Amino acid sequence: MSLRLRSILAAAISTMLAVVVLGSAVDVLVARHLHRGLDKTLHTRAVEVAQLAASAPALVTQPGALDAPVGSTQAMVEVVDRRDRIVSRSLSLGGRVLPRTIAKEAIASGKGHYETIDFGDDRLRIYSAPLADVAGGGAVLVAASTADLVDTIHTLRVLTLLAALLAAGIGGAAVALLIRGALRPLVRLDRAAAEIGRSGDARRRLPDPHRHDEVGRLATTLNTMLEGLEHARE
């Protein structure tokens, strides 16, 4: 493998890895932010339902009173009493019923908690909170689909991968252009040295690249060597 190809591959791989690492960090931060935002929204909706149950319990049982969007999806709300009987439920649930064990845990512990479950073909994030005695006790369950959240994270990961590939291509192309200019004097030195070797004429010299870098010092060193060989031959 030539020096040019090794340099291009090293630049492309290192650039791609840097973008992937950065994208992974952003992915983790965005996913955490989205999950926290969803949990906060579920908690806020549960508090609203609990306050409604305490202040106007008759309104809780009205059709559509518990329906409210959570982000771009419709929240699913269910209110149960102490005996685990459904008091009211949102229309978005349709004929489905949220798991009873989650409500029992909230009633038994007296604390709200989150849980992620598979709900048919969907995946739900649920927040369950106990209701105060003034609201008749029981618990309120608020759930929302995580499909939008998962789609957002998946899109972010795809964009990160595409950005990594694009950055690798740009980095490799940039290094290819730079190293092409850097190796051009070396190619001329190589051709001149090959001609001197074929002719055996020690009086000839390598072309001066007029550079003060490693290539220029190499040409100076080789010309000094040729001068010494010329003197030795004489």
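On a predicted model such as this, the values are computed, not experimentally measured, just so you know. In what follows, every heavy atom counts, from backbone to side chain, and hydrogens, waters and symmetry copies are set aside.
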Problem - Those residues that, when tested against Asp190, pass salt bridge (Lys or Arg N to Asp or Glu O under 4.0 Å) (two or more places apart) - result: none
Practice task
Just grab all the ring pair (Phe, Tyr, Trp, His ring centres under 6.0 Å) pairs involving residues 81-117, residues at least two apart or on different chains.
Solution key: Tyr114-Tyr127
Handout entry: Over all atoms of both residues, closest heavy-atom pair of Ala144 and Leu42
Key = CB-CD2, 3.9 Å
Problem - Rounded distance (nearest 0.5 Å) linking atom CD1 of Ile86 with atom CG of Leu98 - result: 8.5 Å
Handout entry: Check: Ile153 and Asp27 side chains under 4.5 Å, non-hydrogen atoms
Key = yes
Handout entry: salt bridge (Lys or Arg N to Asp or Glu O under 4.0 Å) partners for Arg204, two or more places apart
Key = Glu195
Practice task
Mind jotting down which residue pairs meet the salt bridge (Lys or Arg N to Asp or Glu O under 4.0 Å) criterion with at least one end in residues 160-183? Sequence neighbours excluded, please.
Solution key: none
Problem - Thr160 vs Val26, side-chain contact (heavy atoms from CB on, under 4.5 Å): CA-CA, chis, key distance, verdict - result: CA-CA 9 Å; Thr160 299; Val26 173; over 6 Å; no
Exercise for the section: Check the pair Arg32 / His35 against side-chain contact (heavy atoms from CB on, under 4.5 Å), numbers first and verdict last. Expected result: CA-CA 5 Å; Arg32 184 179 301 175; His35 280 98; 5.9 Å; no
Handout entry: Interatomic spacing from CG in Leu218 to CG in Leu186 - rounded to 0.5 Å
Key = 7.0 Å
Completion exercise
Taken to the nearest 0.5 Å, the spacing of His43 NE2 from Arg36 CZ works out to 15.0 Å
Exercise for the section: Identify the two heavy atoms, one from Ser128 and one from Leu141, that lie closest to each other, and give their separation to 0.1 Å. Expected result: CB-CD2, 3.1 Å
Handout entry: side-chain contact (heavy atoms from CB on, under 4.5 Å) between Leu162 and Leu166, worked out
Key = CA-CA 6 Å; Leu162 293 178; Leu166 180 61; over 6 Å; no
Problem - Validation row: His231, Glu234 side chains within 4.5 angstrom (heavy atoms) - result: yes
Handout entry: Same apolar cluster (I L V M F W Y, side chains within < 4.5 Å links), Leu222/Leu229
Key = yes
Handout entry: Straight-line distance of Arg205 CZ to Thr224 OG1, nearest 0.5 Å
Key = 9.0 Å
Practice task
Please report the shortest heavy-atom distance between Leu206 and Ala192, naming the atom on each side.
Solution key: CD2-CB, 3.6 Å
Handout entry: ILVMFWY network linking Val28 to Val150, side-chain heavy atoms under 4.5 angstrom
Key = no
Practice task
Provide the closest heavy-atom pair for Met76 versus Leu124 in the form atom of the first, atom of the second, distance.
Solution key: CE-CD2, 3.3 Å
Handout entry: Val20 reachable from Leu165 in the ILVMFWY side-chain graph, under 4.5 Å edges
Key = yes
Practice task
Measure from the side-chain N and O atoms of Thr15 to the backbone N and O of Ala168, and report whether any donor-acceptor pair falls under 3.5 Å.
Solution key: no
Practice task
Identify whether Val140 and Leu52 are in the same connected component of the hydrophobic contact network (ILVMFWY, side-chain heavy atoms under 4.5 Å).
Solution key: yes
Handout entry: Non-hydrogen atoms of Ile107 and Ala139 that approach each other most closely
Key = CG1-CB, 3.8 Å
Practice task
Output the distance between atom CD1 (Ile13) and atom CD1 (Ile8), rounded to the nearest 0.5 Å.
Solution key: 12.0 Å
Fill in the blank from the handout: Taken in chain and number order and not counting sequence neighbours, the residues that satisfy salt bridge (Lys or Arg N to Asp or Glu O under 4.0 Å) with Asp39 are Arg125
Problem - Heavy atoms from other residues, nucleotides or ligands near CZ of Arg217 exceed 12 (cutoff 6.0 Å) - result: yes
Exercise for the section: Go through the structure and list residues passing salt bridge (Lys or Arg N to Asp or Glu O under 4.0 Å) with Arg123, not counting sequence neighbours. Expected result: Asp118
Handout entry: Closest non-hydrogen atom pair, Ala103 against Val80
Key = CB-CG2, 3.8 Å
Problem - Thr221 side, atom OG1; Leu226 side, atom CG - distance, nearest 0.5 Å - result: 11.0 Å
Handout entry: Same apolar cluster: Val47 and Leu131, side chain cutoff 4.5 Å
Key = no
Practice task
Would you check if Ile126 and Pro99 make a side-chain contact, meaning some heavy-atom pair closer than 4.5 Å?
Solution key: yes
